Amino acid sequence: MKPAWIPFASRAVPRYTSYPTAADFSAATGELEARRWAADVARGEPISVYLHVPFCETLCWYCGCATSVPNGYRRVRDYAGRLKAEIALWAAALGSHGGIGHLHFGGGSPNALQPGDFAALVETLRREFGIRPDAEIAVELDPRTMHDGQVEAFAAAGVTRASLGVQTLAPDVQTAVNRIQPPEMVARLVNDLRSAGVKAINMDLMYGLPYQTVGDVVTAARFAAEMGAARVSVFGYAHVPWFAKHQKAIDADALPGLEARFEQAEAATEVLRAAGYELIGLDHFARADDPLTFAARERRLRRNFQGYTDDPHETLIGIGATSISQFRGGFVQNLKDRKSWGEAIVDGCLPVERGIALTDEDRLRARAIEQLMCQLSVDAWAVCREMGAAEGSLDGALERARALVPAGLCEVDGSLVTVPPAARPFLRTVAQCFDGRTPAVEDTARHAKAV
Ligand code: SF4
């Protein structure tokens, strides 16, 4: 890593899967706004749906997701029942629309649901929202905890894409993060999914885990390529034990330092590029024939709570505890406490806890940040014109970007800000120049480090 980059690498920055970020949501925005924004969705307009399943059989120590161990299936089944009721509430709030064009089951581990309960949920979504014939139905899977008949249930429900958590293949690293998962187990699941008709397989890898080395990262990246993963994401472990309590089980002294993290990320990139993958945005890779690659080439790439996506829909309904919904008017997040979330649904309320209404300035900044995060460059004045704002509205952001030029994090030519390929790991740092809400200072309580 260049010496000039080191101070920026340890700085905390948002992931910018949304702007404003969830840290800016407040209780001042809630169910009233959610109902108004849902009713504004146009007749015939396709929507996206995210459904959160917050259960895992065991916890991986690195995990920052909203999940827990259910201690018996009854809690999962009760939760699935509440999900169905929540789906009906949102369907009533939305009224007429164009049906689901993109459906994503995330978690947690959606395969915590038994096959019959998963099928019943998809059936409820089909009945209440309608699922378009060309819809992408994606599901995140933990290869260690598949139920009998689950792969067949996914195929029968129309699942088109499965994302497998692989993270690392090194046994000592797996032990240190409480996730023992031999490569044969992953390979078997990939084969089973493909045989059943779920052809598109994504894999998630990580670097920066305790005891992890460049060699481990290279092995995992080669494995993903050899398995023919359509998309591979490579995330750096964010050690935030004050936020994700079970991370306290990770030995902080065993974590790779900044330089080592950087080398690991670079090594994964090298392996995947050599295997023919296109680098998408900050940390995703896709095969040349994957729709994400086409979206990136055609400048249709988007960024949302699931990361980089070719999902073009403007409305996203988040179902389940903690889920976030996105509307043209703003964001709302469901209650995080599962008991309160379930009680709100029983009372016939949309189980919304907090949110934010977008201002014109938020929309302008969000557009600039998304363009930069997706395309590695943004023309600030062109964004102002596109969004109907005065041409100088983002000049403060340009000024902040110019301050990053001497360190080589970006180039600024007139109103065009570009992040050179070598500085890609600092994309979020440059994007923060366009953020009007999050101060560019150490704020480790809310966000992870840049690298
Ligand atoms: S990483 Fe995945 S499987 Fe592990 S605890 Fe988190 S959500 Fe569950």
Side-chain angles (χ1 to χ4, degrees), residues 15 17 22 50-73 75-76 79-80 83 104-114 117-118 138-147 150-151 154 161-171 173-183 185-186 188-190 193 201-212 216-217 220 223-224 229 231-241 243-250 255 283-284 305-307 318-324 334 336 338 448:
R15 296 189 66 80
T17 51
Y50 171 81
L51 199 141
H52 190 68
V53 183
F55 300 108
C56 298
E57 279 185 24
T58 58
L59 292 185
C60 311
W61 300 144
Y62 58 79
C63 182
C65 299
T67 189
S68 65
V69 177
N71 295 322
Y73 192 71
R75 283 179 65 198
V76 183
Y79 181 82
L83 286 176
H104 189 104
F105 284 83
S109 305
N111 51 313
L113 291 164
Q114 286 179 358
D117 287 325
F118 180 84
V139 58
E140 296 172 10
L141 298 180
D142 177 355
R144 300 168 303 161
T145 57
M146 295 293 291
H147 296 287
Q150 201 152 36
V151 167
F154 290 146
R161 185 175 293 274
S163 290
L164 277 51
V166 176
Q167 324 307 359
T168 171
L169 297 177
V173 183
Q174 291 189 352
T175 303
V177 299
N178 195 37
R179 186 183 180 117
I180 308 296
Q181 181 177 286
M185 182 187 276
V186 181
R188 205 176 318 122
L189 178 56
V190 170
L193 286 162
I201 307 290
N202 298 356
M203 290 190 184
D204 296 340
L205 308 182
M206 290 183 78
Y207 65 88
L209 292 170
Y211 305 108
Q212 204 168 17
D216 299 335
V217 175
F223 173 81
R231 300 177 190 171
V232 183
S233 53
V234 183
F235 298 129
Y237 167 58
H239 192 58
V240 286
F243 175 73
K245 300 284 179 247
H246 43 276
Q247 289 187 353
K248 286 185 180 149
I250 286 188
L255 293 173
D283 46 19
H284 282 41
F305 298 105
Q306 281 93 61
I319 294 167
T322 74
S323 290
I324 297 175
N334 278 359
K336 290 180 183 163
R338 268 208 298 280

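Since the model is a prediction, treat every value here as computed from it, not as a measurement. Positions are given from 1 along the sequence. Just so you know, ligand 1 is whichever comes first in the structure, and atom 1 is the first atom listed for that ligand.
- Residue contact check: Arg179 has heavy atoms under 4.0 Å from atoms 1 (S), 2 (Fe), 3 (S), 4 (Fe) of ligand 1.
- Between Gly320 and Asn334 the shortest heavy-atom distance is O-ND2, 2.9 Å.
- A donor-acceptor pair is defined here as one N or O able to donate and one able to accept, closer than 3.5 Å; no such pair exists between the side chain of His52 and the backbone of Gly318.
- Note on atom 6 (Fe) of ligand 1: protein N, O or S atoms under 2.8 Å away count 1, no waters included.
- Looking at Gln167, its side chain never comes within 3.5 Å of a backbone N or O of Leu209 through a donor-acceptor pair.
- Summarising the geometry of Gln181 relative to Pro143, their closest heavy-atom pair is OE1-CD, 3.5 Å, with the distance given to 0.1 Å.
- The backbone N or O of Leu255 lies less than 3.5 Å from no partner atom in the side chain of His239, so there is not a single donor-acceptor pair.
- Here the two rings, on Phe55 and Tyr79, have centers that are under 6.0 Å apart.
- Legend: residues meeting side-chain hydrogen bond (donor to acceptor under 3.5 Å, both in side chains) with Gln247, ordered by chain and number and at least two apart, are Tyr237.
- Every atom of ligand 1 is numbered from 1 in the order shown, and the set under 4.0 Å from a heavy atom of Arg144 is 3 (S).
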